[in-house]
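The model shown is predicted, which means the values in this text are computed figures rather than measured ones. Order of listing sets the numbers, starting from 1, for every ligand and every atom in it.
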Amino acid sequence: MREQKFCLGIETTAHTFGISVVSFSGEILSNEKHVFTTEQGGMIPNEVARHHEQWKDQVLKSALEKANVKLSQMNLISVSQGPGLAPALLIGMRYAKELSKKLSIPLVGVNHCIAHLEIGNLVTASVDPVLLYVSGVNTQVIAYEGGKYRIFGETRDIGAGNFLDQFARALGIGFPGGPKIEALAKKGKQYVPLPYCVKGMDITLGGILTNLKQKIASGKYRKEDLAYSAQETVFAMLVETAERAMAHCDKDELLLGGGVCCNKRLQEMAIKMCKARNAKCFIPPNSLLVDNAAMIAWQGILEHKAGKSADLETIDIKPYWRTDQVEVIWR
Ligand code: ATP
Ligand code: FE2
């Protein structure tokens with residue numbers, strides 16, 4: 001039997017504490033997680049950190065069991081170094097260092113946003129895509145150009161996931177809002193005009209949220225129609241900026257990433273736009289769209305194969321790490 005090498009990936013940038021085992025040839029053997037949730041209110045960073053600390057051993061155990069490998073068989077540890085919530089990132093970093101020391105195997109720290117793109121290249125047929133990355137905090141259009149991954153467009157205020165979550169809270173339908181808004185929107189009949197906020201390649205969402213809150217308070221509109229209209233408006237803004245980046249970079253592949261891209265209506269709009277410009281649209285499965293550790297493991301493998309290895313004494317978290325600051329050594 002051919003000897004297999006394995007990477008253990010650790011993801012802790014936000015809500016999700018994830019651990020995954022991926023082989024060096026790109027087989028995802030397990031992709032486990034436990035997600036911090038609240039009945040009411042948002043994320044308090046220290047509570048998220050406490051959650052991750054509490055669940056880490058259990059998630060590791062189930063990731064190894066699912067993969068049917070032993071911890072001692074790991075050859076590499078990869079951890080998400082940023083961007084994200086500092087207290088949450090610290091839990092992952094500490095755990096990664098501890099495991100790397102204990103097993104005497106190398107550690108690499110990787111960029112969470114770029115990992116969303118590279119896992120898409122692994123599991124779909126995309127090669128050099130524009131990534132539309134839409135999650136809770138992040139809303140960015142990213143592509144590789146001139147030796148770097150660059151952000152061509154992004155939200156200037158809140159992420160589209162946070163927008164949907166806050167809108168859902170205003171409607172009184174709970175958290176996380178994305179899937180609930182999606183279900184409600186299917187029953188929408190009437191399009192209610194909303195501000196359309198695209199500025200060049202960037203978007204803003206705060207104004208639309210305020211407008212929606214006023215419309216909810218007026219009592220004049222059906223919840224279903226507001227959900228439908230919010231989706232149509234915001235998703236059109238996202239797809240428009242992604243299309244502009246594709247035209248600007250002369251790329252004919254679009255890749256989706258981030259939890260909001262689980263939304264079927266957003267997927268449909270992205271596919272339609274790509275068809276109209278003779279481009280291909282690639283959509284990874286939901287488990288790899290949301291925050292996950294498999295993408296962290298795979299990104300670690302790519303960078304390790306290219307020669308990267310962290311110094312355990314000096315490696316640190318990078319809560320504000322920008323996509324274009326990443327040194328691209330693996331392509
Ligand atoms: P980060 O921003 O650091 O990537 P995150 O934990 O917010 O972290 P994800 O797990 O990628 O990121 O996404 C979570 C978001 O996705 C939530 O805001 C949630 O409402 C949204 N979401 C999940 N499913 C759907 C859906 N079907 N439609 C729209 N939004 C969705
Ligand atoms: Fe993410």
Taking the Fe ion (ligand 2) as the centre, how many protein N/O/S atoms fall inside a distance shorter than 2.8 Å? 4

Based purely on interatomic distance, does [X] place a nitrogen or oxygen under 3.5 Å from a nitrogen or oxygen of ligand 1?
X: Gly259; value: yes
X: Glu182; value: yes
X: Cys262; value: no

Looking at [atom], what's its closest protein heavy atom, distance included?
atom: atom 1 (P) of ligand 1; answer: Ser135 OG, 3.3 Å
atom: atom 6 (O) of ligand 1; answer: His15 ND1, 3.0 Å
atom: atom 21 (C) of ligand 1; answer: Val260 CG2, 3.9 Å

On the 0 to 90° scale, with breaks at 30° and 60°, tag the His34-Trp55 ring pair as parallel, tilted or perpendicular.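 It falls in the parallel class, under 30°.
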
Does the plane of the ring in His116 sit parallel, tilted or perpendicular to the ring in Tyr133? Use 30° and 60° as the thresholds. tilted

Looking at Tyr144, I'd like to know if the NZ or CZ of Arg150 sits under 6.0 Å from its six-membered ring centre while staying within 45 degrees of the ring's axis.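 Ring-cation test returns no.
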
Heavy-atom pairs closer than 4.0 Å: do any link ligand 1 to the side chain of [X], the backbone, both, or neither?
X: Pro179; value: both
X: Leu164; value: side chain
X: Lys264; value: neither
X: Asp165; value: side chain
X: Tyr133; value: side chain

Would you give me the side-chain donor-acceptor pairs under 3.5 Å for residues 170-191, sequence neighbours excluded?
unit_1: Lys180; atom_1: NZ; unit_2: Ile173; atom_2: O; d: 3.4
unit_1: Glu182; atom_1: OE2; unit_2: Lys264; atom_2: N; d: 2.7
unit_1: Tyr191; atom_1: OH; unit_2: Thr233; atom_2: OG1; d: 2.8

Any chance you could lay out the side chain to side chain contact (heavy atoms under 4.5 Å, CB included) test for Tyr320 and Gln325, step after step, and finish with the verdict? CA-CA 10 Å; Tyr320 301 104; Gln325 292 169 336; over 6 Å; no

Tell me yes or no: between the side chains of [X] and [Y], is some donor less than 3.5 Å from an acceptor?
X: Ser126; Y: Asn121; value: yes
X: Arg331; Y: Tyr149; value: yes
X: His304; Y: Asn75; value: no
X: Asn111; Y: Gln299; value: no

Residue list, salt bridge (Lys or Arg N to Asp or Glu O under 4.0 Å) with Glu253, at least two apart or on another chain: none

Taking the minimum heavy-atom distance to [atom], which of [options] ranks first?
atom: atom 31 (C) of ligand 1; options: Ala14, Gly161, Gly178; answer: Gly178
atom: atom 8 (O) of ligand 1; options: Asp291, Asn292, Thr139; answer: Asp291
atom: atom 7 (O) of ligand 1; options: Gly257, Gly159, Ala168, Gly136; answer: Gly136

Could Glu154 and Arg322 be called an ion pair, given the rule that one side-chain N must be under 4.0 Å from one carboxylate O? yes

For [X], take its heavy atoms, then give the atoms of ligand 1 lying under 4.0 Å from any of them.
X: Asn138; value: 1 (P), 2 (O), 3 (O), 4 (O)
X: Gly258; value: 11 (O)
X: His112; value: 4 (O)

Residues passing the side-chain contact (heavy atoms from CB on, under 4.5 Å) test with Lys220, sequence neighbours excluded, are Ser218

Test log, rule side chain to side chain contact (heavy atoms under 4.5 Å, CB included), inputs Ile203 and Cys197: CA-CA 6 Å; Ile203 64 167; Cys197 310; 5.8 Å; no

For Gly84, is the nearest heavy atom under 4.0 Å from an atom of ligand 1?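 In this structure, Gly84 fails to qualify as a contact of ligand 1 - no heavy atom is under 4.0 Å.
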
Are the ring centres of Phe17 and His51 closer than 6.0 Å? no

Working for side chain to side chain donor-acceptor pair (under 3.5 Å), residues Ser100 and Glu98: CA-CA 6 Å; Ser100 161; Glu98 206 181 286; over 6 Å; no

